[in-house]
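Computed over heavy atoms, backbone and side chain alike; hydrogens, waters and symmetry mates excluded.
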Amino acid sequence: MTMTDLELVEQASQGDRDAFQRLLERHYDTIYRFAHRFAGNAHDAEDIAQDVCLKLVDALGTFRGNARFSTWLYRVVLNAARDFARKGTTRAAAHKVYGEVRELDRADAVENQARASWLSEALGALEPGLRETALLVVAEELSHAQAAEILDCAETTVSWRMGEVRKKLKSLAEMVHDR
Amino acid sequence: MTDEMKTFQKALGDAAKDAPPKDAKAKALAMAMAAFDEKFESRAQESAAAGRLRGWASALHDTILGRQSMTINQALAGGASIAVLALGIATATYVQRDISRFGTDLDAPSPPAADAKSMMETLRDAETKPEGRNAGAPDPATEPNATIAHDMAAPPPREEMAKARQPYGAPQAKIGARAPGIAMGEVDNFASGSAAKSAPVARKRGIGMLRSMPDQAQSQIYRDQGRDKFERFDENPVKLVAEAPVSTFSIDVDTASYSFVRAALNAGHLPQKAAVRVEELINYFPYDYARPKSRSIPFEPSISLMPAPWNADKQLLHIGIAGYEMEPAQKPKSNLVFLIDSSGSMNAPNKLPLVKSAMKLLLETLDENDTVAIVTYAGGAGTLLEPTSAKQKAKILSALDGLGAGGSTAGAEGIRQAYQLAEQGFEKDAVNRVILSTDGDFNVGITDSGELKSFVERKREAGIFLSVLGFGMGNYNDALMQTLAQNGNGTAAYIDTLNEARKVLVEEAGSTLFTIAKDVKIQVEFNPDRIAEYRLIGYETRALKRQDFNNDKVDAGDIGAGHRVTAIYELSRKGGTGQAVDDLRYRRAPKPSSAAGDEIAFLKIRYKLPQEAASKLITQPVTGAQASPTVKAAPREARFASAVAAFGQILKGGRNTDAFSYDDVIALAQGAKGDDAFGYRAEFITLVRLAKSAAALEPLASPAPAQPRR
């Protein structure tokens, strides 16, 4: 008796706490993961995810069911993450932490380190708009159309931005190579 | 996709691949639920109370009816307790309203711990029936009362629970031990939580929290599903001999993955992909390989080549290694420390009771020269039994029988004490081993796997070995167990049934207890004139760097007496039809090396004898002469191993096994069953049949845990 997201949302916005809890259980990991990618460290991700869960209490009532719930949820998370970024930490500080993320890994620690620092550099080099688009399309593997819906822009904008991201990454890769 | 994009994607994936911390999730959910209640409170005050009661009743229902271990009498008594519960609720709601006001007025200045405690006391006074804290009485009615007590307390973050232990003394633990069901473990937790130190969250959301508690208990019931933690890894890719002619990995004799897969399939669902480690599936089975003759060269490789059952254009290189089997007379003295997790999370029929039975089985294999000590950990760790000769069976058994589950899990502290005891009884020529039985859900003290890892690493150098026995499903932390076993010179096994306990601790007691070689590494160099591509099946988590092979400082897997280890490579011949990657157009053909002759690969095995620090080397060329023309003509053991390999790969998604189906696996395994004295292979075939009809996902949201019942 698995209920769809939509059913759960409907029941939850009428005050069914069980439905609400199940909805959170189901989506918390996605919320956290996306927040983690956006913020670049586990600590901020926790805060953002917590914030999103709280926001959902009121926000659920505004979900109309004409979009997929997951798409809608990404938008909520994205907004929360943007707020969070605005409030305090600079981009540089937020991404510095990436370097420390996976250093516990045994055999491939060195390789990971290199990859992680490359990532922090790559993310740092992108403007916020491009970065968000890249996170949605590359990391979350959403289609351009879905990303456009979340970012509230035209699909062509997403495609154009991805082109920019590609260019940036390429030039960055060359720079690293030349070093 | 361009290379940069791929790197970017990979890096992004890696950076956030860790699951969110459990307590973060619990905290966020609790806060959101509290806010939710606040919002809907005005709308439906009465119906909320009714709803809560309903929630209660259903939680109770689960506790009573969902568990087989309760008798009908108890269930009936439980029915009566619902009435008590209803009374309790009325009292609780009354008190709660008072407290709500109290909380609002004195919100900031008064520390919530005091609030919670006074609430508990208010409640205690308000109630006429004292069973809730009556230690001796096993009356099920104690449960609702105790749970009401936890309704009143703010839920503390888990670490805090442990710091503030049991304000009402030991009784709770006793209740926890007696009554089955998760709710009982909770009693302990939450009661102790009432004395929790200042919790900022609780202060902020104190009132809402109070209200959300019964549902916390409820959610606990289904949250323990699908929370098994496995380290994710990618399958080994096809490698080009021209680019990477050498493949190096550490041996792996663990079998935990097979048992876990079996438990999942027996429960009717497919295991999560990360839980399937193909090499552990293959190594679960005892293979009939040639045995080495002396202890100084403790093993001997058996090599065969056969066409891959799933792709006739490819070959399988099958490397089997059998460890030296010890005569009973040679058996060294054992100095064992049983480290038993007795925390609340172990309170399930397939956890603590199974641990006890398993330890008793192991005890049967010991004699008067051996010593046993028992350390338990729940909240704080404690030595239950000082090192005792195995001759005093009655004493050891009664210590085991007295074990009950309750409290949080101070795993790290337990490990420290266990090692300390092992050091006390340390003897150079004996087997010095800590045997850890747990579900891996460490939540107090050092929970960071990195720190635990470095701790067991240091002890490894001192000569103390570690065996990890995993129990339970639902919140099984495989990743941590593997880390411990791999770094503490030990093995990890997953015990899902008593039969599995018998296999690991009795039949294979030799290999579980007596290490005959440590840091065993395998390196295979392929001849580029004969082989174009290779792919190692499994061993993803055991990959080593090429230079690590000769570096004796680099840790690798250990082999116990009589262990059999199998590794399988899938090969594509040079110029054959099986190549996955096209030849390069512009590369000049390298001159064939003259030394090779008929050789297609060269196998090197490096190992250390248990007491030595310098490694030894065994080498053996692989030639075409070892090849079988058809699958049928291949040695039986190689055929069975490849059936298991195919099964594992299909469970992982079947990217490399073409159209090979479960039915093909069954056919291949049927033809290679051999004697199968213990029925392991027959069981394997049954599992493949189960996999055919298994659901893709563990069913979520059903209130009763989907643990296999027995």
Side-chain angles (χ1 to χ4, degrees), chain A residues 1-3 12 14-18 20-22 24-26 28-29 31-37 40 42 45-47 49-58 98 101-108 112 115-116 118-120 122-123 134-135 138-141 162 165-166 168-170 172-173, chain B residues 1-5 7-21 23-25 27-29 31-40 43-44 47-48 51-52 55 201 212 215 218-219 222-223 250 448-450 453 483 486-487 541-545 548 554-555 699-702:
Chain A
M1 41 154 266
T2 342
M3 281 195 280
Q14 272 152 35
D16 182 342
R17 67 192 315 286
D18 193 41
F20 184 59
Q21 177 147 12
R22 277 167 67 181
L24 290 183
E25 291 273 3
R26 192 182 286 180
Y28 180 86
D29 287 9
I31 298 172
Y32 177 88
R33 190 188 61 228
F34 184 61
H36 195 177
R37 288 193 174 127
E46 275 177 44
D47 288 354
Q50 186 172 313
D51 197 19
V52 170
C53 290
L54 281 174
K55 277 190 177 150
L56 282 177
V57 174
D58 287 314
Y98 263 127
V101 176
R102 297 299 305 165
E103 64 181 9
L104 282 175
D105 256 1
R106 297 188 294 289
D108 42 5
N112 263 344
R115 204 189 291 142
W118 190 86
L119 173 69
S120 90
L123 281 173
L135 285 177
V138 182
E140 300 294 326
E141 298 181 317
M162 284 314 294
V165 170
R166 231 163 258 135
K168 284 259 163 70
L169 288 178
K170 196 155 186 200
L172 185 71
Chain B
M1 212 190 270
T2 57
D3 278 355
E4 297 86 49
M5 262 333 230
T7 321
F8 188 54
Q9 185 168 26
K10 178 99 175 58
L12 277 171
D14 282 356
K17 77 176 170 192
D18 285 344
D23 35 7
K25 181 173 181 177
K27 188 171 131 192
L29 257 63
M31 285 180 67
M33 292 316 295
F36 185 89
D37 287 336
E38 223 157 29
K39 177 177 167 161
F40 288 98
R43 220 198 268 185
S47 75
R52 228 171 291 134
V201 191
S212 73
D215 302 86
Q218 208 183 336
S219 71
Y222 68 84
R223 209 191 293 147
S250 151
D448 179 59
S449 63
K453 184 184 125 182
T483 307
Q486 290 184 13
N487 295 291
T541 58
R542 298 288 181 138
L544 290 177
K545 297 210 177 75
D548 289 345
V554 175
D555 184 48
L700 257 188
S702 70

- Item | Contacts of type side-chain hydrogen bond (donor to acceptor under 3.5 Å, both in side chains), residue A/Asp16, not counting sequence neighbours | none
- Which atom of A/Arg17 lies closest to which atom of B/Phe36, heavy atoms considered: CA-CE2, 3.3 Å
- Query: Can you name the nearest heavy-atom pair linking A/Gln50 to B/Ala28, along with the distance?
  - Reply: CA-CB, 3.8 Å
- Indicate yes or no: at least one non-hydrogen side-chain atom of A/Tyr32 is less than 4.5 angstrom from one of B/Lys25. no
- Note on the structure: Here the gap from A/Leu54 atom CG to B/Met33 atom CE, rounded to the nearest 0.5 Å, amounts to 11.5 Å
- Task: Would you give the length of the straight line joining atom CG of B/Leu29 to atom CD of A/Gln21, rounded to the nearest 0.5 angstrom?
- Result: 6.0 Å
- Message: Quick check on A/Glu140 against chain B: is it the side chain, the backbone, both or neither that has a heavy atom closer than 4.5 Å?
- Response: neither
